[in-house]
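Here the structure is laid out as structure tokens; the discussion comes afterwards.
Note that the coordinates shown come from a computational prediction; the quantities given were computed from them, not determined experimentally. We count residues from 1, following the sequence as given. We count ligands from 1, going down the list as the structure has it; atoms in each ligand are counted the same way.
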Amino acid sequence: MPGRNFLFVPGPTNVPDRILSAMHRPMEDHRSSVFPELTRGILRDLKAVFRTDRGQAFVFPATGTGMWETALVNTLSPGDRVLAPRFGQFSHLFIDCAQRLGLKVDVLETPWGEGAPPDRIRQALAADTAHEIKGVLIVHNETATGVTSDIAAVRTAIDAAKHPALLYVDGVSAIGSLPFEMDAWGVDAAITGSQKGFMLPAGLGIIAMSERALARRETAKCARVFFDLGDMIKANATGYFPYTPSIPLLYGLRASLDMLLEEGLDAVYARHHRLAEGCRRAVAAWGLTLCAKEPKWNSDTVSAIMVPAGINGADVIDVAFRRYNMALGAGLSEVAGKLFRIGHLGDLNELMLLGALAGAEMAMRDVGIQVTPGSGVGAAAEYYRSTAPALGAKGNSAVSPDAQSRVAGARPTGADKARAAVPA
Ligand SMILES: *Cc1c(COP(=O)(O)O)cnc(C)c1O
């Protein structure tokens, strides 16, 4: 099929050309004398993305799931209790991982569409006067429902209960896209992977651990081999890895960090918020609702859009793929068929997202959802127009000063005049 596949699942995300080029290189000796430069720079700059001075970052040839395991096995012993709200497929799988590792999970069942409940967490911890609960497991951005939880509020809840439990945060679809403050929020294990905000293929597990969490290695009795942070710390200290790293992915991560830090993390967060807000305007214009039950939980990286009763969300996704070469995210498990998801994270701008919104409108109409053609696209486009940086403003890096002066001084062309003559 000519043209690009429109990839709008919430991971893997689009890999920008700069990262693709950075990864396109021959293999090299990962034990050479220059290799540590690459390792050290990456581990240093990751700390900036996690926003931690005191914590330590690690990179594994793995995925986000492997980092759940890494966080747990390096800090806990079989039979330890942990507390975890379940409000979507990823919080469910995080809990499942803990259970299969032999931990006892106190599950706080929470309606899908809501975020982590700080009050119930505080109560559960306050009731645990013997401090048997060793950790609190939270998915920061529940990718299945498009819900972002308030991690600072969870930290406040833990502190209000004066409880020593560690705070484990799955930030797989958050870190590098949504504001994330490892040190300020007192996060002990911050978990992510390469294929979402980092704009890379899947294949790297990325994690940062607090000093407190790393100290638990002394007493943690869960079996660990591949994911043992002890081996990683020892090898990383000299700039190497305990086993063969994925060299293309490390060069890709180098480019990804350069891109994120050049744009500036605050600008990256603001871009994601603005893109997401346009998508939400479109959903409202379609007369549809999000799975997120309150605006405070709206995710800036993925919107889960409920389809009307009698419609199967999977049909929207299937038609979008087969007729329009666009990939949308499916409803998972409890919300299968009830929604479709638009991922809006990573290497993305307004017009790319407008294309996805147009495709979603077409696919929805094809399966019988009576949205007004152009309504969502129009609402989002007007929002983007009204919030676009002024020409010449800092941050509008896509337009060079040279191009801007050409625009400012442009004379109407013949084509412009012809257009102006056409009645609106
Ligand atoms: C994608 C995702 C994961 C799973 O990560 P893998 O890299 O597929 O193992 C975990 N948690 C969240 C919130 C995710 O979005």
TODO: Sort out for me which residue in H273, H272, R274 forms a side-chain hydrogen bond (donor to acceptor under 3.5 Å, both in side chains) with D300.
DONE: H273
Which ligand 1 atoms does [X] reach within 4.0 Å, using its non-hydrogen atoms?
X    : value
W68  : 10 (C), 11 (N)
N141 : 13 (C)
G64  : 5 (O), 6 (P), 7 (O), 9 (O)

Of the side chain and backbone of [X], name the one, both, or neither that has a heavy atom under 4.0 Å from an atom of ligand 1.
X    : value
V139 : side chain
Q195 : side chain
E142 : neither
V172 : side chain

Starting from [atom], locate the nearest protein heavy atom and write down its residue, its atom name and how far away it is, to 0.1 Å.
atom                    : value
atom 11 (N) of ligand 1 : D170 OD2, 2.6 Å
atom 14 (C) of ligand 1 : K196 NZ, 2.9 Å
atom 13 (C) of ligand 1 : T143 OG1, 3.3 Å

[Y]/[X] salt bridge by N-O under 4.0 Å criterion:
X    : Y    : value
R86  : D96  : no
R385 : E350 : no
D315 : R323 : no
R216 : D188 : no
D106 : R81  : yes

Open item on the list: With a cutoff of 4.0 Å, is G193 in contact with ligand 1, counting heavy atoms of the residue only?
Closed with: no
- [ ] Could you tell me whether ligand 1 has any atom less than 4.0 Å away from a heavy atom of F94?
- [x] no
Open item on the list: Do N5 and N325 pair up side chain to side chain, a donor and an acceptor below 3.5 Å, judged on atom types alone?
Closed with: yes
- [ ] Decide if atom CZ of F226 counts as having more than 12 heavy atoms of other residues, nucleotides or ligands within a radius under 6.0 Å.
- [x] yes
Task: Centroid-centroid distance, Y240 to H30, less than 6.0 Å - done: no
Open item on the list: Is there a polar contact between ligand 1 and T63, counting only N or O atoms under 3.5 Å apart?
Closed with: yes
